[in-house]
Amino acid sequence: MDEPHHCSCSKTFEGRTTGQLEAVLMELLNTKGRGSAEDGKGLYFPVKKHIEQGQGHEGGIFSIEAPLHISNVQVLDPDNGHVRSGMNIWKMEARVSRGLAASGAIIPRPEILKERRKPRPSFVASLGDDPISEWILTEGKATQITRISPIGGGCINQANRYVTDSGSFFVKTNRHDKVEMRVPSCSLSLTMKAVITIGPSMFEGEALGLNAMYATQSIRVPKPYKVGPLPTGGSYIIMEFIEFGSSRGNQSVLGRKLAEMHKTAKSSKGFGFNVDNTIGSTPQINNWCSDWLEFFADYRLGYQLKLALDQYRDSTIYEKGQKLAKNLQPLFEGVVIEPCLLHGDLWSGNISTDSNGDPVILDPACYYGHNEAEFGMSWCAGFGGSFYSSYFEVMPKQPGFERRRDLYMLYHYLNHYNLFGSGYRSSALSIIEDYLRMLKVMIIRGKDKGETGLIKRVIRSQNRVIVEGKNLVKKHIKQGQGHEGGIFSIEAPLHVSNVQVLDPVTGKPCKTGYKYLEDGTKVRVSRGLAASGAVIPRPEILKERRKPRPSFVGPKDTPVELVLEKTYDAKAGIGMPDL
């Protein structure tokens with residue numbers, strides 16, 4: 001007799017098969033089985049199993065059928081009843097008996113050998129238990145779901161493409177309805193161990209954001225159709241399925257369309273959003289606020305800093321970050337801030353193109369805020385020069401844009417620190433410390449001589465600055481609506497000649513000079529006997545105009561081509577007209 005074919009898998013059968021095919025037990029090589037087919041009533045001899053009493057069943061010792069390796073079973077010849085061998089019974093398409101005593105007859109293939117481990121879902125029979133399929137087959141205008149295929153949905157949600165006879169739908173589900181984490185209270189002064197619902201509220205916030213962006217008809221986003229809870233826990237969102245293109249698309253077009261969305265969608269309520277949402281899995285508070293600096297300091301930086309303090313006990317980054325959050329005003333002098341609709345989480349993973357090559361943005365964390373905050377994730381978005389050029393053609397670049405860029409990156413670095421750990425701490429702390437150095441000065445004359453502080457405000461018309469906690473004077477204030485009266489200590493302005501910037505290396509007051517870097521960038525450096533010569537980040541607030549220069553050309557303006565005309569060659573030492 002030929003040796004039986006061995007396979008690496010195991011199968012479990014319930015009862016005996018019907019028809020001509022019958023699986024039996026064989027004692028192969030005297031050791032493989034524990035008897036013959038006639039010894040057992042099932043496919044394997046009963047084994048004893050102790051089962052404790054539970055709800056719905058009794059306890060005791062029961063005989064159950066244990067699994068057999070497929071090498072220990074053989075089929076019977078349908079004509080003579082003999083055992084056939086030498087054949088892979090699991091892989092052959094048309095099976096016939098083989099061997100010395102075999103008849104060569106066709107052996108019908110038992111369906112159990114080729115069935116799926118899990119039966120395909122029955123979409124019509126259980127619509128009540130499947131709200132996704134129910135919506136697709138009713139309001140979605142489909143009559144049949146032909147395929148469900150998984151799509152990468154990130155580390156929080158699962159994503160699937162539902163293919164139907166009326167088109168495809170994109171569906172995200174979240175089986176974890178709630179997650180427990182420590183978050184600040186709404187007052188930002190207390191901490192609580194809270195259970196955050198990241199299911200329905202997460203998808204509701206996403207749907208509202210997608211609808212708001214979709215309504216601008218500027219840049220393409222998937223249209224949301226339905227949000228709801230799952231019967232087994234968790235939630236789902238059904239939206240338009242967009243067939244993505246093969247390339248990242250044109251950066252210039254992306255910049256222009258994004259700017260058009262910012263320009264089109266403004267809020268009369270101020271800064272915030274109609275609901276709180278999430279940035280990753282971190283709650284994002286969107287309470288309405290009329291002042292952008294207050295909103296950003298409290299609900300963006302302040303919230304993340306409090307999370308870091310509670311989660312990691314990181315008092316260093318918390319205290320320094322809070323100091324920065326309270327002194328943002330100098331970074332925004334002369335800037336007009338309007339509440340624009342923001343995507344909120346614009347990085348390369350949330351940017352794509354459709355089959356026509358037009359840009360598509362996904363997975364938003366929308367709110368109304370300063371348009372520059374949209375570039376907070378630019379460190380992993382890959383925006384190039386053509387992107388920014390096209391963007392600023394629609395939304396003019398405001399003074400100090402480069403100086404505020406890291407401030408908006410800070411929010412996302414802090415969020416990554418809270419989500420993914422200490423790998424992002426150094427980047428966040430470095431940004432905070434750079435801004436604190438940029439804003440810090442030493443008073444060199446007056447009653448507070450020798451003390452340092454942060455610049456809170458610059459009064460250009462008077463060439464004066466207000467330094468936090470310095471040059472305090474008493475002021476009598478009458479009681480009025482919304483405030484009490486009394487004698488208060490306030491910070492009086494200091495003339496700029498009475499303060500000096502600090503050397504970033506030595507920490508001592510210094511004079512400043514200028515030099516050009518290898519790439520031609522003009523930078524400030526420390527000068528003086530005790531100066532290190534290090535580059536000093538220049539606070540643009542000291543040199544910016546209150547109003548941007550007019551972009552139009554007037555009758556008395558020198559033509560641009562004459563301004564750009566080269567009239568002197570420094571290396572050759574010659575000029576016009578010999579040049």
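Atoms considered below: every heavy atom in the structure, side chains included; atoms not considered: hydrogens, waters and symmetry mates. Predicted, not measured: the structure shown is a model, and the values here were computed from it.
- Of all heavy-atom pairs between L254 and P359, the closest is CD1-CB, 3.8 Å.
- Here the closest heavy-atom approach between residue L436 and residue L454 is recorded as O-CD2, 3.5 Å.
- Judged as a ring pair (Phe, Tyr, Trp, His ring centres under 6.0 Å), and not counting sequence neighbours, the contacts of Y424 are H416.
- Using a 4.0 Å cut-off between a side-chain N of Lys or Arg and a carboxylate O of Asp or Glu, K320 and E433 qualify as a salt bridge.
- Here the closest heavy-atom approach between residue R300 and residue I285 is recorded as NH1-O, 2.7 Å.
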I361 vs N350, test: side chain to side chain contact (heavy atoms under 4.5 Å, CB included). Steps then yes/no.
CA-CA 6 Å; I361 54 178; N350 291 339; 5.9 Å; no

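- When the ring pair (Phe, Tyr, Trp, His ring centres under 6.0 Å) test is applied to F392, the partners found at least two apart in sequence or on another chain are F401.
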Decide side chain to side chain contact (heavy atoms under 4.5 Å, CB included) for S267 and L341; before the verdict, give the C-alpha distance in whole Å, the side-chain angles of both, and the deciding distance to 0.1 Å.
CA-CA 8 Å; S267 171; L341 178 63; over 6 Å; no

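- Interatomic distance, E206 CD to N211 CG, rounded to the nearest 0.5 Å: 10.5 Å.
- There is a side-chain donor-acceptor pair under 3.5 Å between R161 and S168.
- Looking only at side-chain heavy atoms (C-beta outward), F375 and R405 stay at 4.5 Å or farther from each other.
- Contacts of E374 classified as side chain to side chain donor-acceptor pair (under 3.5 Å), with partners at least two apart in sequence or in another chain: H262.
- Residues L414 and L307 fail the side-chain proximity criterion, which asks for heavy atoms closer than 4.5 Å.
- The heavy-atom pair separating D503 from S526 by the smallest distance is OD2-OG, 2.7 Å.
- Here CG of N157 is found 7.5 Å from OG of S235. Values are rounded to the nearest 0.5 Å.
- D314 meets the side chain to side chain donor-acceptor pair (under 3.5 Å) test with Y417, R425; sequence neighbours excluded.
- Put simply, OG on S390 and CD on Q251 are 9.5 Å apart, with the number rounded to the nearest 0.5 Å.
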Kindly indicate, with the supporting measurements, whether the criterion side chain to side chain contact (heavy atoms under 4.5 Å, CB included) is fulfilled by R403 and L331.
CA-CA 7 Å; R403 184 165 47 94; L331 300 173; 3.1 Å; yes

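- For NZ of K440, the number of neighbouring non-hydrogen atoms (other residues, nucleotides, ligands) closer than 6.0 Å is 12 at most.
- Under the rule for a salt bridge (Lys or Arg N to Asp or Glu O under 4.0 Å), D345 has no partner lying at least two apart in sequence or in another chain.
- Not one N or O on the side chain of N471 forms a donor-acceptor pair closer than 3.5 Å with the backbone of E491.
- I490 places a side-chain heavy atom less than 4.5 Å from the side chain of V473.
- Other residues, nucleotides and ligands place more than 12 heavy atoms under 6.0 Å from the NZ atom of K266.
- Across L230 and I132, no two heavy atoms sit closer than the pair CD2-CD1, 4.1 Å.
- Atom CH2 of W135 is separated from atom NZ of K226 by 9.0 Å, given to the nearest 0.5 angstrom.
- Atom CD of E402 has more than 12 neighbouring heavy atoms from other residues, nucleotides or ligands inside a 6.0 Å radius.
- When atom types are taken as modelled, the side chain of D448 and the backbone of E451 share no donor-acceptor pair closer than 3.5 angstrom.
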Between F296 and F271, is a ring pair (Phe, Tyr, Trp, His ring centres under 6.0 Å) present by the stated rule, with each step listed?
CA-CA 9 Å; F296 190 73; F271 304 95; over 10 Å; no

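- Y303 has its side chain within reach of P283: a pair of non-hydrogen atoms, C-beta onward, lies under 4.5 Å apart.
- In this view, F170 satisfies the ring pair (Phe, Tyr, Trp, His ring centres under 6.0 Å) rule with no residue, not counting sequence neighbours.
- For the atom pair CZ (F203) and CD1 (I238), the distance works out to 11.0 Å, reported to the nearest 0.5 Å.
- In terms of heavy-atom proximity, G344 sits nearest to I279 at O-CD1, 3.6 Å.
- In this structure, the side chains of Y391 and K397 stay at 4.5 Å or more apart for every pair of heavy atoms.
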Check the pair K511 / Q500 against side chain to side chain contact (heavy atoms under 4.5 Å, CB included), numbers first and verdict last.
CA-CA 7 Å; K511 295 181 179 181; Q500 272 191 325; 4.0 Å; yes

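- In summary, the side chains of K474 and S489 do present a donor paired with an acceptor at a separation below 3.5 Å, with no hydrogens or angles considered.
- Ion pairing of K323 with E319 is absent here, as no side-chain N (NZ or NE/NH1/NH2) approaches a carboxylate O to less than 4.0 Å.
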